[in-house]
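By convention in this document, chain letters (A, B, ...) are assigned in the order of the sequence lines, proteins followed by strands, and residues within each chain are numbered from 1.
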2 protein chains.
Amino acid sequence: MNQPKRYLDIVLDIRKMISQENIRPGDRIPSERELAETLNVGRSTIREALRSLELLGLIETRRGEGTFLSDHRNHRLVEVLSTFILQDDQSQKDVWETRMIHEISAILTVCGDAVSSQLPVWSGFSKRINERDFFPREDFVKEIMVLSGNRLSLKIWLLLAQYSGNPYKGHILLEETEMLENILAAIRRQDAEKAASGLKIWIAWLQKETGKDDDDS
Amino acid sequence: MNQPKRYLDIVLDIRKMISQENIRPGDRIPSERELAETLNVGRSTIREALRSLELLGLIETRRGEGTFLSDHRNHRLVEVLSTFILQDDQSQKDVWETRMIHEISAILTVCGDAVSSQLPVWSGFSKRINERDFFPREDFVKEIMVLSGNRLSLKIWLLLAQYSGNPYKGHILLEETEMLENILAAIRRQDAEKAASGLKIWIAWLQKETGKDDDDS
DNA sequence: TTTTGAAAGTGGTCTGACCACTCATAGTCC
DNA sequence: GGACTATGAGTGGTCAGACCACTTTCAAAA
């Protein structure tokens with residue numbers, strides 16, 4: 001049997017050290033030379049472990065300064081997942097559906113949360129929609145995703161929104177403000193069902209619209 | 001500005017090489033020394049890139065034999081990420097919630113699909129649940145995910161299900177068969193609401209159960 | 001006081017050297 | 001001839017030492 005890889009132990013050692021020394025995101029972790037001496041391994045072995053963690057986005061290295069623990073919430077989970085998930089010919093329909101899964105779920109969550117449904121953001125939204133034409137559609141949905149509070153879901157959504165078939169290109173037109181107002185009103189009175197159906201209606205309308213007309217800024 | 005990291009280029013070079021040379025999972029990729037010479041970098045740099053790819057589960061190294069393209073199923077990724085990420089309560093909650101988002105959405109889809117709700121798989125399910133004790137909980141949910149027909153959603157779910165906090169460990173006990181039967185019955189009569197709520201009830205029950213009792217095979 | 005620059009410390013890279021292991025093969029023994 | 005053994009080439013695993021490029025610090029010079 002192959003003996004366990006050294007650098008994997010190092011990964012765990014570093015992990016343990018971080019928790020023991022109470023190193024928080026943004027803090028500096030010991031230098032490579034220090035770690036090598038402390039853990040009794042060569043510097044190259046330390047580096048192999050660190051490079052792996054860096055690729056995952058768990059740490060950040062700055063030449064001349066040191067190695068820093070990055071915010072765990074900014075982990076590259078989604079990016080990494082995407083290399084596994086989206087590399088093969090994933091049908092566009094699945095991407096579309098999955099994005100909607102997250103959107104619907106988010107809007108339901110927002111409706112169930114009395115606080116977020118009353119956030120001042122929304123009043124600003126209504127004003128801006130009525131006054132200006134250059135309000136990006138994507139920002140509207142993104143706001144819902146953010147308010148849902150699930151950062152992982154938000155990241156997945158952002159990733160999916162980059163793929164083809166994203167209906168939220170361009171900015172909000174006058175003709176669609178009514179639909180959006182309905183959605184916002186439903187959210188404010190915490191009417192989850194109406195909010196979700198309103199979102200679906202808007203998306204369906206967008207799908208038709210972008211199919212025949214393509215307006216870019 | 002820091003110049004871009006060398007080993008990151010190497011990662012891309014290797015990926016390019018893999019696709020150009022049409023290397024398939026299980027095949028051997030050039031040795032570290034070969035790669036170092038070909039790409040005009042030191043062997044240590046090559047190793048840093050390879051170690052990163054290995055941690056991601058993209059390649060597999062066997063001392064004395066070589067480095068092989070992996071079937072990218074054995075993500076070390078999940079273990080490593082989870083030890084770093086999931087100490088954060090919010091992140092763990094996000095993973096949990098996001099997994100449920102996909103589950104609920106899947107069960108709603110399955111209920112809306114007359115065909116999949118009548119698939120023979122389900123009758124077999126009921127029998128097996130009643131006859132045997134060793135029916136893995138995860139398989140039950142997985143079946144729903146598969147039947148939903150969204151392969152992307154399925155993949156995301158599979159990955160999320162590997163993280164800690166997964167309630168579907170172990171096998172189905174006699175006491176929970178009733179809950180599952182209810183879910184199946186709801187699916188058969190395409191009662192989406194009941195099916196979804198049934199699933200939620202089961203998950204809540206599991207959460208309590210695995211909290212106090214831990215049964216392993 | 002301000003500016004300069006030298007030194008220390010850091011990550012980035014390369015080299016060369018071992019070690020442990022696998023495998024193919026030439027060689028040996030029966 | 002067939003089975004076993006030893007050897008060597010090739011591989012990944014690890015280490016030590018040496019530079020380089022960069023950042024920060026701080027004492028010396030203006």
Side-chain angles (χ1 to χ4, degrees), chain A residues 1-15 17-18 21 23-71 76, chain B residues 1-15 17-18 21 23-72 74 76 80 84:
Chain A
M1 187 53 148
N2 268 341
Q3 66 187 27
K5 319 265 172 168
R6 209 80 140 71
Y7 85 100
L8 275 180
D9 295 335
I10 303 298
V11 167
L12 296 181
D13 285 338
I14 293 176
R15 166 75 188 81
M17 174 177 300
I18 286 174
E21 312 252 339
I23 300 177
R24 321 188 121 272
D27 291 353
R28 198 171 149 278
I29 70 180
S31 73
E32 297 177 351
R33 290 169 177 87
E34 269 182 80
L35 286 173
E37 195 175 1
T38 305
L39 301 176
N40 267 309
V41 295
R43 193 182 152 211
S44 54
T45 303
I46 293 288
R47 281 186 61 80
E48 291 182 12
L50 290 180
R51 250 15 78 210
S52 302
L53 294 179
E54 187 185 24
L55 194 70
L56 290 181
L58 295 175
I59 60 173
E60 189 182 341
T61 57
R62 296 198 280 271
R63 175 189 288 186
E65 299 182 51
T67 305
F68 302 83
L69 194 60
S70 60
D71 191 338
R76 297 227 181 107
Chain B
M1 190 49 147
N2 269 342
Q3 67 186 26
K5 322 258 172 168
R6 212 79 135 69
Y7 87 100
L8 277 181
D9 296 335
I10 303 298
V11 167
L12 297 181
D13 285 339
I14 293 177
R15 282 197 66 154
M17 175 179 299
I18 287 174
E21 312 253 338
I23 300 178
R24 318 187 129 271
D27 290 353
R28 195 170 153 281
I29 70 179
S31 73
E32 299 177 349
R33 291 168 177 86
E34 269 182 80
L35 286 173
E37 194 175 2
T38 305
L39 301 176
N40 267 310
V41 294
R43 192 181 153 213
S44 55
T45 304
I46 293 288
R47 281 186 60 81
E48 291 182 12
L50 290 180
R51 249 16 76 211
S52 301
L53 293 178
E54 187 185 23
L55 196 69
L56 290 182
L58 292 174
I59 61 173
E60 187 182 343
T61 57
R62 294 198 281 272
R63 173 188 288 184
E65 299 182 52
T67 305
F68 301 83
L69 195 58
S70 168
D71 289 341
H72 65 276
N74 324 323
R76 272 232 152 45
V80 177
F84 276 83

Enumerate all atom pairs, one protein N or O and one N or O from nucleotides 4-6 of chain D, separated by less than 3.5 Å.
none

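Between R51(B) and dG12(D) there is no side-chain polar atom (N or O) within less than 4.0 angstrom of OP1 or OP2. Dashed line: the shortest gap from a side-chain N or O of S44(A) to OP1 or OP2 of dT14(D) is not under 4.0 Å. Distances shorter than 4.0 Å separate none of the side-chain N or O atoms of T61(B) from OP1 or OP2 on dT11(D).
Separating the CG atom of L50(A) from the P atom of dT13(C) is a distance of 13 Å, rounded to the nearest angstrom. Atom CD of E34(B) and atom C1' of dT11(D) are 10 Å apart (whole Å). If you take CZ of F68(B) and C1' of dC23(C), they are 11 Å apart, rounded to a whole angstrom. Rounded to a whole Å, the CD1 atom of I46(B) is 16 Å from the P atom of dG16(C). Regarding E32(B), its CD atom lies at a distance of 18 Å from the P atom of dA17(C), rounded to whole Å. In this structure, E48(A) places its CD atom 14 Å from P of dG12(C), rounding to the nearest Å. Going from atom CD of E37(B) over to atom C1' of dG16(C) covers 15 Å, rounded to whole Å. Atom pair R62(B):CZ and dT11(D):C1' shows a separation of 12 Å (rounding to whole Å applied).
Contact annotation for T45(B): backbone-only contact, meaning every heavy-atom pair under 4.0 Å involves sugar-phosphate atoms and none involves a base. Across all strands, S31(A) comes closer than 4.0 Å only to sugar-phosphate atoms, never to a base (heavy-atom distances). Among the atoms of the strands shown, base atoms are found under 4.0 Å from some heavy atom of G64(A).
Just one residue in the list E37(B), E32(B), E34(B) forms a side chain to side chain donor-acceptor pair (under 3.5 Å) with R43(B), and that residue is E32(B).
The closest side-chain heavy-atom distance from R47(B) to E48(A) is below 4.5 Å. Counting heavy atoms from C-beta outward, L50(A) and I29(A) have side chains that approach closer than 4.5 Å. At a threshold of 4.5 Å between non-hydrogen side-chain atoms, the residues L55(A) and L55(B) do not count as touching.
The listed nucleotides are dG11(C), dG13(D), dT14(D); the one nearest the side chain of R47(A) is dG11(C). Here the side chain of R33(A) is nearest to one of dC19(D), dT14(D), dC14(C), namely dC19(D). Closest to the side chain of R28(A), from the set dC14(C), dT10(C), dG11(C), is dT10(C).
Ion pairing of R51(B) with E54(A) is absent here, as no side-chain N (NZ or NE/NH1/NH2) approaches a carboxylate O to less than 4.0 Å.
Not a single salt bridge (charged side-chain N to carboxylate O under 4.0 Å, His left out) links E21(A) to another residue, sequence neighbours left out.
Where N40(A) and E65(A) meet DNA chain D, the nucleotide closest to each residue was compared, and N40(A) sits on the side nearer the 5' end.
Side-chain atoms of R43(B) and base atoms of dG16(C) include no donor and acceptor less than 3.5 Å apart.
The backbone N or O of F68(A) lies less than 3.5 Å from no partner atom in the side chain of R62(A), so there is not a single donor-acceptor pair. The closest donor-acceptor contact from the side chain of S70(A) to the backbone of E60(A) lies at 3.5 Å or more, if one exists at all.
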